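Note sheet for the following structure.
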Amino acid sequence: MKIAIASDHGGFALKEKIREHLEERLLEVIDLGTYSEESVDYPTYGKLCGETVVSGEADLGIVVCGTGIGISIAANKVKGVRCGLCTSVEMARLTKQHNNANVLALGGRTTSVNDAFEIVDAWLEADFEGGRHQRRVDMLDNI
Ligand code: RB5
């Protein structure tokens, strides 16, 4: 499985930790940047990660900014992206099971590294439940 990751400067430190964590899990990572703490614009990176997932170059994406809010808004502007901003393991599990989220957003200034690892793992390990949720997910593509 290939996972695209991207962040702005506010999410850079956590994005680096997540890359290491994914690589330790032997997952293939496409690191789309940013590559330093120099100030950049989160819409650029949310869009890039979303496009990388929708094109099929990556199976899933993870985006990080200071709060996760701005970069999740940007990712969700890309048609076909279902990005869930998660602050708990329960949210991470549910955003895959119910929303079939193909991009996970995290806040580098609001979520600890350990919590982020647990959130990422829960999201990766959960499966979309389909059934009644499929019709609603299909509706998202028609908005
Ligand atoms: C950048 O300072 C900050 O606004 C950004 O990382 C993010 O929190 C936006 O939602």
Side-chain angles (χ1 to χ4, degrees), residues 1-129 133-143:
M1 169 166 328
K2 271 193 214 170
I3 304 186
I5 59 172
S7 74
D8 73 351
H9 54 288
F12 170 70
L14 182 58
K15 188 261 290 175
E16 293 296 291
K17 295 284 185 194
I18 290 171
R19 177 164 45 71
E20 291 166 15
H21 180 68
L22 295 172
E23 286 170 352
E24 273 167 24
R25 290 191 49 164
L26 303 179
L27 293 161
E28 199 176 328
V29 178
I30 304 172
D31 187 347
L32 300 167
T34 186
Y35 303 112
S36 77
E37 294 199 341
E38 192 180 324
S39 182
V40 292
D41 302 319
Y42 60 79
T44 305
Y45 292 90
K47 175 176 183 281
L48 184 57
C49 189
E51 288 173 344
T52 303
V53 171
V54 168
S55 71
E57 201 185 322
D59 301 295
L60 295 170
I62 298 175
V63 290
V64 192
C65 68
T67 58
I69 296 171
I71 204 161
S72 68
I73 294 171
N76 273 315
K77 295 272 183 186
V78 179
K79 195 167 176 62
V81 167
R82 294 176 302 279
C83 177
L85 168 58
C86 295
T87 56
S88 70
V89 164
E90 179 70 353
M91 288 174 77
R93 202 176 287 130
L94 286 171
T95 203
K96 182 69 87 53
Q97 290 175 341
H98 291 188
N99 315 122
N100 200 15
N102 52 7
V103 178
L104 173 69
L106 294 164
R109 293 178 181 143
T110 53
T111 299
S112 72
V113 173
N114 281 345
D115 284 354
F117 288 172
E118 288 183 10
I119 289 168
V120 166
D121 290 346
W123 175 69
L124 288 176
E125 282 153 27
D127 293 314
F128 180 49
E129 288 178 354
H133 303 295
Q134 184 65 60
R135 184 179 57 80
R136 294 166 184 154
V137 167
D138 289 344
M139 286 172 72
L140 293 173
D141 284 332
N142 293 316
I143 291 174

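In what follows, residues are counted from 1 in the order of the sequence shown. Note: hydrogens, waters and symmetry copies are ignored here, and every other heavy atom, side chains too, is used. Each ligand, and each atom within it, is numbered from 1 in the order the structure gives. Since this is a predicted model, take the numbers as computed values, not measurements.
- Here the side chains of Asp115 and Leu106 are not in contact, with every heavy-atom distance at 4.5 Å or above.
- Distances below 4.0 Å separate heavy atoms of Tyr42 from the following atoms of ligand 1: 5 (C), 9 (C).
- Considering only heavy atoms from C-beta on, Asn100 comes within 4.5 Å of Lys96 through its side chain.
- Scanning all protein heavy atoms for the shortest distance to atom 3 (C) of ligand 1 gives Arg109 NH1, 3.9 Å.
- With a 4.0 Å heavy-atom cut-off, ligand 1 is reached by the backbone of Thr67 and by its side chain too.
- Ligand 1 has no N or O atom lying under 3.5 Å from any N or O atom of Gly10, backbone or side chain.
- The ligand atoms of ligand 1 that sit less than 4.0 angstrom from a heavy atom of Gly66 are 5 (C), 6 (O), 7 (C), 8 (O).
- Here the side chain of Lys2 pairs no donor or acceptor atom with the backbone of Glu28 at under 3.5 angstrom.
- Nearest to atom 10 (O) of ligand 1 among the protein's heavy atoms is Gly70 N, 2.9 Å.
- The closest donor-acceptor contact from the side chain of Asp8 to the backbone of Asp41 lies at 3.5 Å or more, if one exists at all.
- For atom 7 (C) of ligand 1, the closest non-hydrogen atom on the protein side is Cys65 SG, 3.3 Å.
- Remark: minimum distance from atom 1 (C) of ligand 1 to any protein heavy atom is reached at His9 NE2, 3.6 Å.
- Between Leu104 and Cys86 the shortest side-chain heavy-atom distance falls below 4.5 Å.
- Interatomic distance, CD of Glu90 versus CD of Gln97, reported as 8.0 Å (0.5 Å rounding).
- Each of Val53, Thr95, Asn102 was scored for a side-chain contact (heavy atoms from CB on, under 4.5 Å) with Arg82, with one residue passing: Asn102.
- Here the heavy atom of the protein found nearest to atom 5 (C) of ligand 1 is Asp8 OD2, 3.2 Å.
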